Amino acid sequence: MQNDVQLLEVANGKPVKMWTVGVPVEPEAREQLQMTAQMPFIFRHMAVMPDVHLGKGSTIGSVIPTQGAIIPAAVGVDIGCGMMAVRTSLTASDLPEQLGPLRSAIEQAVPHGRTPGARDKGSWNTPPETVDAMWASLLPGFSRITEKYPRLKNTNNHKHLGTLGTGNHFIEVCLDEADRVWFMLHSGSRGVGNAIGNLFIELAQADMRQHMVNLPHRDLAYFTEGSQHFEDYVEAVGWAQDYARRNRMVMMQNVIAAARAVITKPFSAEVEAVNCHHNYVQKETHFGNEILVTRKGAVSAQKGQLGIIPGSMGAKSFIVRGLGNEEAFCSCSHGAGRTMSRTQAKKRFTVADQIEATAHVECRKDEDVIDEIPMAYKDIDAVMHAQRNLVEVVHTLRQVVCVKG
DNA sequence: ATGTCC
């Protein structure tokens, strides 16, 4: 039963296996995938998820297995970006009739893109003690990195910990199929991860020039295993991923605390909890080999492992359980995937369209969020069907509150 | 996505 996989053969390269039956794949994304698949250190084949679309640096919704080399622009600058979700003991009837105050409480508790009064965009003026403690746990690793790369010291590291960021980073209150209340959020490694990503992308491009390596595209610049830059990047990217995971943990604690101040009924949180990256690289074993797996807009889906696949604003989201499909390097999609660029979406749709599409969600509906309109994304049901042999659905969530960065 | 040393 391999009729769920579409094969893209690549001249002078490894094949690309795509779990995209019944969903559109842009020609530009195919071309980008074929370029990446030509790199000699790709291990066996590339795997492509049904939310695939053209990305900067590498294709969103792709899994890039490599042996003996690593491509920093494939991970990109939003290192460790991912999702966290927790199920609470609350049900829909425990939520207040008016959800505006709950949204305001969350907006107050977590600095985000438009937090008024923040000295820098969306950061703490003075981080709370819980953030200080979390930063203390990250500091030894950071010091090892900045000893070699001192320019990384000058980043918003400590005061960005526990903050949301901007763009498509969001916090939601959701209900599942049994009307149970979940909190869910999407964020990454903020300014410091961005600085680490950019620094090593520059270093890789400089290495390519120094060794006169010709590439199909400059974003395929890589480090070779055994080199100092390779070892340093593996350390730094791993640290940024740890920062991102803890960033989500801090925010979730503060979202729960904010909700407790608004919702009168006592409740327990983290009845079920999931915290997963969808933009990262790590060492894994596949087909009996220790390799590096870069997931760019893709989630780990080892057998039994829980993951999160968010839909667009106003659409369904899913808590999923991995089926451990080895051909896909045990991966699944990270969302619905865009069908049009943010610029196209802003041209095509109006504020009125966005108000209609998100009528059932307590959220912003201004012109700055039109690019997140559900119609700019692929049909999430088709995306889930295309990856039915990668993950099974455990919970289906719908948003009732959404805070955008 | 982030920061504003482009």
Side-chain angles (χ1 to χ4, degrees), chain A residues 51 53-62 71-84 110-125 127 142 145-146 149-171 185-203 205-206 218-219 236-237 239-248 250-251 276-281 294-298 310 312-313 334-335 337-338 341-343 345-346 364 368-372 376-377 402-405:
Chain A
D51 58 344
H53 59 105
L54 184 71
K56 181 176 159 45
S58 68
T59 318
I60 318 289
S62 68
I71 306 172
V75 178
V77 296
D78 197 3
I79 297 170
C81 186
M83 302 288 310
M84 182 168 182
V110 181
H112 57 283
R114 300 176 155 232
T115 307
R119 198 160 40 126
D120 291 301
K121 199 167 66 173
S123 69
W124 300 103
N125 288 319
F142 190 57
I145 295 161
T146 54
Y149 303 96
R151 79 152 113 152
L152 293 171
K153 279 184 199 163
N154 190 25
T155 52
N156 291 317
N157 40 61
H158 182 169
K159 68 188 174 106
H160 264 180
L161 188 59
T163 72
L164 186 65
T166 58
N168 189 30
H169 287 168
F170 62 77
I171 304 170
L185 58 87
H186 174 214
S187 186
S189 56
R190 309 288 285 110
V192 65
N194 187 290
I196 289 171
N198 274 314
L199 170 63
F200 282 93
I201 289 167
E202 280 173 34
L203 288 172
Q205 289 172 352
R218 68 202 298 269
D219 286 335
V237 79
W239 180 87
Q241 287 162 192
D242 197 20
Y243 180 105
R245 187 184 298 278
R246 290 170 199 236
N247 183 38
R248 292 189 291 268
V250 171
M251 279 188 280
C276 60
H277 301 315
H278 54 224
N279 216 24
Y280 69 115
V281 58
T294 299
R295 293 194 178 86
K296 174 78 161 193
S312 58
M313 260 172 117
H334 83 311
R338 301 193 72 88
S341 71
R342 293 180 185 280
T343 317
K346 289 196 178 197
R364 276 173 60 193
D368 288 343
V369 295
I370 291 175
D371 52 347
E372 290 301 329
Y377 285 85
C402 179
V403 172
K404 280 273 169 197

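Only this structure's heavy atoms are used, side chains among them; waters, hydrogens and symmetry mates stay out. On a predicted model such as this, the values are computed, not experimentally measured, just so you know.
A straight line from NE2 of A/H112 to C1' of B/dT2 spans 16 Å, rounded to a whole angstrom. Counting to the nearest Å, the P atom of B/dA1 and the CZ atom of A/R248 are 14 Å from each other. Rounded to whole Å, the distance from CG on A/L199 to P on B/dG3 is 15 Å. If you take CG of A/N247 and P of B/dA1, they are 14 Å apart, rounded to a whole angstrom. Nucleotide B/dT2 holds its C1' atom 14 Å from the NE2 atom of A/H186, rounded to whole Å. If you measure from atom CD1 of A/I201 to atom P of B/dT2, you get 15 Å, rounded to the nearest angstrom.
Looking only at atom types and distance, the side chain of A/H112 has no donor-acceptor partner in the side chain of A/H169 under 3.5 Å away.
Nucleic acid contact for A/N279: none, since no nucleic acid atom lies under 4.0 Å from a heavy atom of the residue. Contacts of A/N168 with the nucleic acid, taken as non-hydrogen atoms under 4.0 Å apart, involve only primed sugar atoms and P, OP1 or OP2.
In the set B/dG3, B/dA1, B/dC5, the nucleotide with an atom closest to the side chain of A/N156 is B/dG3.
DNA chain B is contacted by both A/N154 and A/C81; A/C81 maps to the nucleotide lying nearer its 5′ end (nearest heavy atom per residue).
Looking at residues two or more places apart in sequence or on another chain, you find a side-chain contact (heavy atoms from CB on, under 4.5 Å) between A/H53 and A/E26, A/I60, A/R338. Take A/N194 and apply the side-chain hydrogen bond (donor to acceptor under 3.5 Å, both in side chains) test, not counting sequence neighbours, and it matches A/N198.
Residues A/V75 and A/F200 have side chains not in contact (no heavy-atom distance under 4.5 Å, counting atoms from C-beta outward).
With P as the reference atom, B/dA1 and B/dC6 are 23 Å apart, rounded to whole Å.
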